[in-house]
*Asks:* 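Take this structure, written in structure tokens, and hold onto it; I'll ask about it next.
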Amino acid sequence: MSFVLDPRLEADSVFIADGPLSQLRLMDDARFPWLVLVPRVPGATEWIDLDGASQRLLLAEINQAGALLRAHFAPIDKLNIGALGNIVRQLHVHVVGRREGDAAWPGPAWGAGTRRSYGADAPTIASALAHALNALPPKALPHSP
């Protein structure tokens, strides 16, 4: 079985880069700086479906995504991190940069209001994020599983 991205994730987000474990994607909602990590592990629906090495690697990728949001979309007042999976079962982790007074503040970004697409700017933003990811100070990531 090979990795296939859930069609809903593909439709709602834009590819940024492949990390050691996960595909990093920009959620297409300009109201929030919002990244999604999708581990390329076929059949994974829950964190506990990953072995220990993959869990550590995903945690390192979450940390890296948070650092990317802080660096590229400053100022960020709070990072929201979640893996809900009630609608899209494929394991994916949301990393959302929040700002006091944003469209959903202080409530959760999930399901709040109406999404505002980046439109034609989405590929440019995703490319800038890929470059910014490469410019982050190197941190040791655990070895790939």
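We're numbering straight along the sequence, starting at 1.
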*Asks:* Can Leu35 be reached from Ile81 by stepping across I, L, V, M, F, W or Y side chains whose heavy atoms are under 4.5 Å apart?
*Replies:* yes
*Asks:* Kindly indicate, with the supporting measurements, whether the criterion side-chain contact (heavy atoms from CB on, under 4.5 Å) is fulfilled by Arg99 and Trp105.
*Replies:* CA-CA 7 Å; Arg99 297 182 181 116; Trp105 191 267; over 6 Å; no
*Asks:* Do the non-hydrogen side-chain atoms of Met27 and Val14 ever get within less than 4.5 Å of each other?
*Replies:* no
*Asks:* Taking all non-hydrogen atoms of both residues into account, name the closest pair between Asp49 and Gly43 and its distance.
*Replies:* OD2-O, 4.2 Å
*Asks:* Hey, is the main chain of Val38 close enough, under 3.5 Å, to the side chain of Gln23 for a donor-acceptor pair?
*Replies:* no
*Asks:* Hey, is the main chain of Leu24 close enough, under 3.5 Å, to the side chain of Glu61 for a donor-acceptor pair?
*Replies:* no
*Asks:* Strictly distance-based, threshold 3.5 Å: is any side-chain N or O of Asp102 a donor or acceptor partner for the main-chain N or O of Arg98?
*Replies:* no
*Asks:* Roughly how far, to the nearest 0.5 Å, is CD1 of Ile62 from CG of Leu79?
*Replies:* 11.0 Å
*Asks:* With a 4.5 Å heavy-atom cut-off, do Gln64 and Leu136 have their side chains touching?
*Replies:* yes
*Asks:* Is it possible for you to say whether Leu68 and Phe15 belong to one hydrophobic cluster, with membership spreading through side-chain heavy-atom contacts below 4.5 Å?
*Replies:* no
*Asks:* Would you call Arg115 and Asp28 a side-chain contact if the rule is heavy atoms closer than 4.5 Å?
*Replies:* yes
*Asks:* Given the rule that I, L, V, M, F, W and Y join up when any side-chain heavy atoms are under 4.5 Å apart, are Val95 and Ile125 in one cluster?
*Replies:* yes
*Asks:* Begin with the C-alpha distance, continue with both residues' side-chain angles, and end with the deciding distance and a verdict on side-chain contact (heavy atoms from CB on, under 4.5 Å) for Thr45 and Gln90.
*Replies:* CA-CA 5 Å; Thr45 60; Gln90 182 174 35; over 6 Å; no
*Asks:* Checking Asn134 side chain against His131 main chain: does a donor-acceptor pair fall under 3.5 Å?
*Replies:* no
*Asks:* Between Val88 and Leu9, is any pair of side-chain heavy atoms under 4.5 Å apart?
*Replies:* yes
*Asks:* If I compare all heavy atoms of Ser22 with all of Leu58, which pair ends up nearest, and what's the gap?
*Replies:* OG-CD1, 3.6 Å
*Asks:* About how many Å separate CG of Leu50 and CG of Leu21, when rounded to the nearest 0.5 Å?
*Replies:* 6.5 Å
*Asks:* Using a 3.5 Å distance criterion without hydrogens, assess whether the side chain of Ser117 forms a donor-acceptor pair with backbone atoms of Gly119.
*Replies:* yes
*Asks:* Report yes if some heavy atom in the side chain of Val96 is under 4.5 Å from a heavy atom in the side chain of Leu69; otherwise report no.
*Replies:* no
*Asks:* Check for me, please, whether Leu133 and Ile76 land in the same ILVMFWY cluster - side-chain distances under 4.5 Å, paths through other members count.
*Replies:* yes
*Asks:* For a quick test of reading the model, state the closest non-hydrogen atom pair linking Ala126 to Ile16 and the distance between them.
*Replies:* O-CG2, 3.7 Å
*Asks:* Does any N or O in the side chain of Arg31 come within less than 3.5 Å of the main-chain N or O of Ala112, such that one atom is a donor and the other an acceptor?
*Replies:* yes
*Asks:* Determine whether His72 and Pro33 make a side-chain contact, defined as any pair of heavy atoms from C-beta on separated by less than 4.5 Å.
*Replies:* no
*Asks:* For salt bridge (charged side-chain N to carboxylate O under 4.0 Å, His left out), just list the numbers for Asp18 and Arg40, CA-CA rounded to whole Å, side-chain angles, deciding distance to a tenth of an Å, and then say yes or no.
*Replies:* CA-CA 9 Å; Asp18 276 323; Arg40 293 183 312 276; 3.3 Å; yes
*Asks:* Check whether any side-chain heavy atom of His94 sits under 4.5 Å from a side-chain heavy atom of Trp110, and report yes or no.
*Replies:* yes
*Asks:* Do you know which of Asp12, Leu129, Leu5, Leu37 makes side chain to side chain contact (heavy atoms under 4.5 Å, CB included) with Arg25?
*Replies:* Leu5
*Asks:* Phe32 and Arg116: side-chain contact (heavy atoms from CB on, under 4.5 Å), yes or no, with the steps?
*Replies:* CA-CA 9 Å; Phe32 310 101; Arg116 195 175 81 233; over 6 Å; no
*Asks:* Answer whether the closest heavy-atom distance between the side chains of Asn80 and Trp34 falls below 4.5 Å.
*Replies:* no
*Asks:* Please test Tyr118 against Leu26 for side-chain contact (heavy atoms from CB on, under 4.5 Å), starting from the C-alpha separation and ending with a verdict.
*Replies:* CA-CA 10 Å; Tyr118 286 107; Leu26 171 68; 3.8 Å; yes
*Asks:* Under a single-linkage definition using a 4.5 Å side-chain heavy-atom cutoff for Ile, Leu, Val, Met, Phe, Trp and Tyr, are Leu91 and Leu59 assigned to the same hydrophobic cluster?
*Replies:* yes
*Asks:* More than 12 foreign heavy atoms under 6.0 Å from CZ of Arg89: is that the case here?
*Replies:* no
*Asks:* Establish, from distance only, whether the side-chain atoms of Asp121 and Thr124 form a donor-acceptor pair under 3.5 Å.
*Replies:* no
